[in-house]
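Worksheet: one structure, shown below.
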Amino acid sequence: MLRFVRQPIKKIVDGTRLIAKGEYSTKIAVDQEDELGQLATAIEKMGKTIEGKRKKLNKQIDEYQNLFEIVPCIITVQDRDYKLMRYNREFAEKFNPNPGDYCYHAYKGRKEKCEICPVEKTFEDGLTHFSEETGVNKDGEPTHWIVSTSPIKNDEGEIVAAMEMSVDITPRKLLEEKLDESEKKYFAIFDNIPNPVFVLDVNTLEILDCNESVQVVYGYTKDEIIKKSFLELFADKEKGKYASILRTSTVMNQAKHINKTGEHLFVNIRISPSEYPGRKVLLVTTSDITQRLETEQQLIQASKMATLGEMATGVAHELNQPLTVIKTAGSYLMKKVSKHETIDDDILFTMAEEIDSQVDRAVKIINHMREFGHKSDITLEQIQINVVLQKAFEILGQQLKTRGIEVVWDLEPDLPMILADSSRLEQVVINLLLNARDALDEKWQSTEYSKGMKKIELNTRSEDKTVVVTISDTGSGIPEAYLDKIFEPFFTTKDVGLGTGLGLSISYGIIQECEGSIQAVPNVNGGTSFIIKFPISKEQ
Ligand SMILES: Nc1ncnc2c1ncn2[C@@H]1O[C@H](COP(=O)(O)OP(=O)(O)O)[C@@H](O)[C@H]1O
Ligand SMILES: [Mg+2]
């Protein structure tokens, strides 16, 4: 009994105990073929099987623990008092909690629960809640995170804890703040640009946005002008023209605008296509040049008056011619009448005709002078520069002739049109002709000259995209050192009363206004050539 029953049973009982303790591979040495021997072997086998299962389970536990620890977000589990029951590594590293710490203390350093708490809500209704929170990390730096919570229930379905999962959004938050700040900065710059700036819809030209300067210049508040069409700022009859220019060009000079009170102002406009959230827009800036234009206008007028003065003697010559003809006819008639002689109808008619045409000529000259002296607003239009040259010559021709100055014409017929103000260009040509006259006088006053030596040449030609006008003289020429000074206002080499020094500087401005250029170069005859270039008008 002892050997075959009691001892093996004891061995089996001991072995079973060891297995229960966890020593799964315990050997139970019952070396018998009977039932007890088989039982011992079965128990040994069972121990091994349990060991295998146990290992598998442990591995799984480890895996889940590991997952819990390494998920790339912060996880805590809290009881109903917000005490931290468990947390993962990420949380420990970021917030360095004390054992038994409370959530609000660990996250935010608070002494009591936060007023708005998603964990509290989850305990109340058993649902998931979200919130965005701000606190300090263990280094004392402000930290932002997005929080979501969910309930943990026991077997009876009671909520015993809450799990809180947070994702750190500090970098994103900082970026947002930076973006906000830079947006504010650019907004401030946009608003404080001293020139009005408009943002227009590319298709409708509706004003989508504008800066504060718009009110200063135009009188409209932002609310009044936004949603209106930019074309509202133009005069009715010009709207059509500007609508197409706005869409196709980048620069518009001296456009006429109307402010809120209906007054006109002149502006230079710059247009650049741009992107505005989700749509194509035009960025338009305008600069008010009304005052500058007025000052320029006054200066031009002053110089015109000076030019008129310089022309006066010439015009006297010019008028002398018709007066002499009329006088001669008058004397002839008086002589005939006083001698009681009859005059042929033929002769009488011819004389009357001559007197009539000479009076017409004098009137024409006087009108031309008057017209020239008139103040006029600038109007750019399609003109033929040849016509301007001829018109200017009309009032100066006679005086050039009496001074023995030969004028040589070399005009290209059918010259393309240019966009300019013809009365102002006439002023330019008159200035240049008067300068040439003075230079010729200076050179030849004490020198013998023969026919053709005192000469002014007027040449026009078209070149690719430009019209070129050259006015050359055989006068005294310009010393090299003066070449870049002559266009300065008040630069003159002439005696007081003879020159104002305004002619070329005004001419320069006028030519620039129509996007042309002027340049003085010495020529082969020792004189000077002025070369003026204008872009050919695109609207040909
Ligand atoms: N055709 C020319 N030949 C020589 N010098 C010239 C000529 N045109 C202009 N100048 C020089 O340029 C100066 C400036 O000309 P301008 O501006 O017309 O003023 P102003 O004729 O009143 O002196 C003149 O004083 C003269 O010295
Ligand atoms: Mg002059």
Side-chain angles (χ1 to χ4, degrees), residues 182-297 376-382 417-421 509 512-516 535-540:
S182 92
E183 206 166 83
K184 271 193 198 132
K185 195 169 81 191
Y186 282 108
F187 219 69
I189 294 174
F190 176 71
D191 260 343
N192 291 314
I193 293 174
N195 288 343
V197 181
F198 299 89
V199 181
L200 309 186
D201 182 282
V202 115
N203 299 314
T204 62
L205 300 180
E206 177 195 326
I207 299 173
L208 303 172
D209 199 359
C210 70
N211 69 354
E212 304 272 334
S213 305
V214 168
Q215 189 174 2
V216 182
V217 174
Y218 291 94
Y220 293 106
T221 63
K222 225 172 173 169
D223 288 345
E224 282 169 335
I225 199 143
I226 281 178
K227 294 228 167 92
K228 276 195 184 179
S229 164
F230 187 68
L231 294 175
E232 297 282 305
L233 295 172
F234 292 94
D236 278 340
K237 61 175 189 241
E238 292 185 323
K239 282 180 182 159
K241 176 175 98 184
Y242 282 116
S244 63
I245 302 183
L246 269 168
R247 293 193 180 96
T248 50
S249 19
T250 54
V251 181
M252 269 157 74
N253 284 333
Q254 292 187 9
K256 213 194 245 170
H257 265 177
I258 302 167
N259 70 11
K260 191 182 173 187
T261 51
E263 287 163 45
H264 284 173
L265 56 141
F266 285 96
V267 289
N268 283 347
I269 302 180
R270 298 283 175 277
I271 306 145
S272 52
S274 179
E275 289 272 339
Y276 204 55
R279 69 211 284 186
K280 285 209 170 12
V281 295
L282 296 175
L283 267 186
V284 176
T285 60
T286 67
S287 48
D288 185 356
I289 53 163
T290 316
Q291 206 162 16
R292 198 195 83 202
L293 282 186
E294 271 166 18
T295 322
E296 257 175 36
Q297 184 79 24
S376 59
D377 275 346
I378 171 169
T379 41
L380 296 182
E381 54 196 355
Q382 307 275 332
M417 300 287 205
I418 60 170
L419 197 64
D421 180 319
Q512 265 208 330
E513 218 156 60
C514 36
E515 283 162 29
I536 290 175
S537 164
K538 289 183 202 113
E539 291 167 38
Q540 300 275 329

Ser213 and Asn195: CA distance, side-chain angles, deciding distance, side-chain contact (heavy atoms from CB on, under 4.5 Å) verdict
CA-CA 6 Å; Ser213 305; Asn195 288 343; 5.9 Å; no
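- Using a 4.5 Å heavy-atom threshold, the side chains of Met252 and Ile271 count as touching.
- Residue Lys237 holds its NZ atom at 10.5 Å from OH of Tyr242, rounded to the nearest 0.5 Å.
- Counting heavy-atom neighbours within 6.0 Å of Gln215 CD, excluding the residue itself, gives a total above 12.
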Can you check side-chain contact (heavy atoms from CB on, under 4.5 Å) on Asp209 and Phe198, steps first, answer last?
CA-CA 6 Å; Asp209 199 359; Phe198 299 89; over 6 Å; no
Pair Leu246, Leu205 - check side-chain contact (heavy atoms from CB on, under 4.5 Å), show working.
CA-CA 9 Å; Leu246 269 168; Leu205 300 180; 3.9 Å; yes
Walk me through whether Ile207 and Lys222 qualify under side-chain contact (heavy atoms from CB on, under 4.5 Å).
CA-CA 10 Å; Ile207 299 173; Lys222 225 172 173 169; over 6 Å; no
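- Heavy atoms only, all atoms of each residue included: Cys210 and Ile225 are closest at SG-CG2, 3.7 Å.
- When the salt bridge (Lys or Arg N to Asp or Glu O under 4.0 Å) test is applied to Lys260, the partners found at least two apart in sequence or on another chain are Glu224.
- Closest approach of Pro196 and Val214 over heavy atoms only: CB-CG2, 3.8 Å.
- Sequence neighbours left out, the pairs with a member in residues 269-285 that pass salt bridge (charged side-chain N to carboxylate O under 4.0 Å, His left out) are Asp201-Arg279, Glu275-Lys280.
- Under the salt bridge (Lys or Arg N to Asp or Glu O under 4.0 Å) criterion, Glu296 pairs with Arg292, not counting sequence neighbours.
- The ring-ring contact (aromatic ring centres under 6.0 Å, His included) analysis of residues 254-277, with sequence neighbours excluded, yields the pairs Tyr218-His257, Phe230-His257, Phe234-His257.
- In this structure, Ile269 and Val251 have side chains that are not in contact, with every pair of non-hydrogen atoms separated by 4.5 Å or more.
- To the nearest 0.5 Å, atom CD1 of residue Ile289 and atom CD of residue Gln291 are 11.5 Å apart.
- Considering only heavy atoms from C-beta on, Asp421 stays 4.5 Å or farther from Glu381 through its side chain.
- Taking both residues in full, the closest heavy atoms of Leu265 and Val217 are given as CD1-CG1, 3.9 Å, listed atom of the first, atom of the second, then distance.
- A donor-acceptor contact closer than 3.5 angstrom links the side chains of Ser537 and Gln382.
- No donor-acceptor pair under 3.5 Å is formed between the side chain of Asn253 and the backbone N or O of Asn268.
- Nearest heavy-atom pair across Thr204 and Ser229 is O-OG, 4.3 Å.
- You'll find the side chain of Leu200 stays beyond 4.5 Å of the side chain of Leu208, heavy atoms only.
- Residues Lys241 and Ile245 have side chains in contact (heavy-atom distance under 4.5 Å, counting atoms from C-beta outward).
- A pairwise comparison of heavy atoms in Thr285 and Val197 identifies CG2-CG2, 3.8 Å as the closest pair.
- Scored by the side-chain contact (heavy atoms from CB on, under 4.5 Å) test, Glu263 finds Asn259, Thr261 as partners (sequence neighbours excluded).
- The two residues Pro535 and Cys514 make their nearest non-hydrogen contact at CD-O, 3.8 Å.
- Identified under the salt bridge (charged side-chain N to carboxylate O under 4.0 Å, His left out) test for residues 225-234, with sequence neighbours left out: none.
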